[in-house]
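In listed order, ligands and their atoms are each counted from 1.
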Amino acid sequence: FSPSGFKTKDEFEACITDVGNSGLRAEDLITGRMRPACRDHIGKIPIQLAAYSGTALAFRDRLIIDWNKTQQRQTFDDQKRIYYLSLEFLMGRTLDNAMLNVGLKKVAKEGLDDLGFRIEDVINQEHDAALGNGGLGRLAACFLDSLASLNYPAWGYGLRYRYGIFKQDIENGYQVEIPDYWLDFNPWEFARHDVTVDVQFYGWVNKHTDDDGKQVVSWQDGELVTAVAYDVPIPGYGTSTVNNLRLWSSKASSGEFDFSKFNSGDYESAVADQQRAETISAVLYPNDNLERGKELRLKQQYFWCAASLHDIVRRFKKTQRKWSEFPDQVAIQLNDTHPTLAIVELQRILIDKEGLEWDVAWGIVTKTFGYTNHTVLPEALEKWSVPLFQNLLPRHLQIIYDINLFFLQGVERRFPKDREMLGRVSIIEESQPKMVRMAYLAIVGSHKVNGVAELHSDLIKTTIFKDFVKIYGPDKFTNVTNGITPRRWLHQANPRLSELIASKLGGYDFLKDLTLLNKLEPFVDDKDFKKEWAEIKYANKVRLAQHILKTTGVSVNPKALFDVQVKRIHEYKRQQLNIFGVIRRYLTIKALKPEERKKVLPRVSIFGGKAAPGYWMAKTIIHLINKVGEVVNNDPDVGDLLKVIFIEDYNVSKAEIITPASDISEHISTAGTEASGTSNMKFVLNGGLIIGTLDGANIEITREIGEQNVFLFGNLSEDVEDLRHNHFYGESHVDPELAKVFDTIKAGTFGDEGAFSALIAAIAEHGDYYLVSDDFHSYCSTQDLIDESYKNQDEWLSKSILSVARMGFFTSDRCINEYADSIWNIEPLQVKDEDEVRART
Ligand code: Z16
């Protein structure tokens, strides 16, 4: 038995009391290697923390072996690889997932039990890896899980932020941001001090002609920053494949950095130089669906793209192939426009460093890249000012101008009569200052562009990228509807439901082929099955109620209907519509006579989500939710009939508790604004029903699970433009029920009414861009319908079961297979039978 090869609980125990094969004992971890804050707490929490590190290191050792094997096999096999470039990877916790993927959670549970630990407590010691904002970052994490589970040779590339998304505290009803320093003890990363890349910034471009009369271009001077690789193992479920996520960390370049300054009295400026370099990977920008054009953000983007491209090219060159074979070996997917500079960087490497002709190089580049768009919101589309670019990346700006020139020449030839077209599609916007339009650059430099749900993919073709469809034809644009990994979002988050399903389906195969869930349909009339289904939901609600009590001090009745909206706070996602609806409900209850109140279905309205620190209106919405909660939760007329909860610091590990506990969840964005949404999928997969607009993936969810199982409301995306127009030019008025809600707020019922005036004015006076008033009536009557439906528990359960049975389509495994077939042209690696894993818990 080797420490990393444990199979039984006894071997596992030996392993963790000896802390894997690291030579450390648990005491060493407490006294020697833990941060001082933990050492001070010896005897309180750190013993749990030691159990966590012991367990994590034992599993990590195990993963390393498969990781090395996978990497060797991929190198030996030398197939085409997919590189997923994402500025965000919202991974959450790793240990639980690793235990389940390796198939040894049961062994670990029993071993920890023997040693006097509860596995849940041990799992809860781990800090979330929160290197993302919301849907986009979590999608990248789900994709990594699917890529490994399906044995695709794949790498993720990202940034190793020292601070992830901020931690959210609520103080007096206001959001307060606390830095998320998460790297104190992270057993899941491996510093690769042997893998570094020097990345250049600023400087100037030298063009001259060499002896053969060939033009040579070089980018000179400026400053160098070193990228250091940190590798994170990504285990697949039920397979020995362990892929790699490579995150870059910035530090002062040893070539550049002047160590003599330290000694020569210039200590301060030496430290400043070092800090400036380290600043690049210091912090994740906390905006979701908003780009602000800050220089440091552009630096992050180039730093990460340059390091990743260098790494990819270095790996390719080892194979001694011709450059023309590059697209047969390498596919690169751009997760939004954040990594668009990778296109320019590859072109630069090929023409300036490798000496290829422009056209040959450009052919290779466009065959290599694919671009995924995640939004149509104009404020989220990246644009960089030309002067900023010129200063930071002078050579890249020249290449962009050349790309644009050749592109526009082609357009002019094809559409000689349409002069205005050139201005519309130019990569350079002729504004003051000029701007580089990154989405256009990404389209021109890729062979495929995809949206993330059907409606969204149609919308980009008919609105923001309409001209490009004319230029390239419709085949360049495609749809890949988002998905989620059922391993984390069903099996891990809701183990009892997963177990019940497995008991009926004869095993856990559905976790690898989610369409097998349809075999649940016959059980929709099975009384015992339904009873168990209901009990599991109830148990999950009890667990959430305990969390709510512990964190907010409010006691909620788990028998009430749990209504959940958890996601980033944004006007387009319309948490304000939800809270206005809650206020209306409060007013309705207050107006009832005591005996009438007995007929009201108790409801708990649960909110969670972060506002970008600079997004004032979003913060106002959080404030209102909390103020409404204070009043409603303490009103004796209301009691259990209505509770309003704001769960602090919504993140991946909280989502794992919240998602399985919802009866209804809200996906109520203004039609046409939410590209896809992915929490909608998570909730339905866990047996919750949804209320939603005809937006994003709600539409496809409805198609799959049946209209009778979804509570739809609101205006359609095709009518939004006219409605907005009417707000200004037609007769428009605030919905009368909504007006009563506004009056209540203005009367000071929820504290200082001035605090909320901007929120009301946006709707009543400034054009109601998000159609809150237009949709209010329809929203409220649909909520009333939900109350009625919930009273018929038998029918409700049938809807819940049928919905789960029909969710097979929304696995991220299906997405990844679609990307692999239609965009990347890659095949899974054959994994030998003896390497295939192992009984599962
Ligand atoms: C983001 O999370 C999304 C889009 C975007 O432009 C930027 C960020 Cl940080 C989200 C979309 O809003 C959401 O609808 C979608 O489901 C998700 O990306 C994944 O595609």
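Note that CG of L712 is 5.0 Å distant from CG of L694, once rounded to the nearest 0.5 Å.
The side-chain contact (heavy atoms from CB on, under 4.5 Å) check on L90 picks up A130, R138, V652, with sequence neighbours excluded. Partners of N825 by side-chain contact (heavy atoms from CB on, under 4.5 Å), not counting sequence neighbours, listed by chain and number: K80.
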Do any nitrogen or oxygen atoms of ligand 1 lie under 3.5 Å from a protein nitrogen or oxygen, and which ones?
from, atom 1, to, atom 2, distance (Å)
ligand 1, 2 (O), G135, N, 3.4
ligand 1, 2 (O), L136, N, 2.9
ligand 1, 2 (O), D288, OD2, 3.2
ligand 1, 6 (O), N289, OD1, 3.2
ligand 1, 6 (O), D336, OD2, 3.4
ligand 1, 12 (O), N289, ND2, 3.0
ligand 1, 12 (O), Y572, OH, 3.1
ligand 1, 12 (O), E674, OE1, 3.0
ligand 1, 14 (O), E674, OE1, 2.6
ligand 1, 14 (O), A675, N, 3.3
ligand 1, 14 (O), S676, N, 3.1
ligand 1, 14 (O), G677, N, 3.1
ligand 1, 16 (O), G677, N, 2.8
ligand 1, 20 (O), H374, ND1, 2.7
ligand 1, 20 (O), N482, OD1, 2.8

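Side-chain contact between V444 and I403 is present, with at least one heavy-atom pair separated by less than 4.5 Å.
Just one of Y819, F369, F143 meets the ring pair (Phe, Tyr, Trp, His ring centres under 6.0 Å) condition when paired with Y84; it is F143.
For residues 439-458, every residue pair satisfying the ring-ring contact (aromatic ring centres under 6.0 Å, His included) rule, not counting sequence neighbours, is listed here: Y440-F468.
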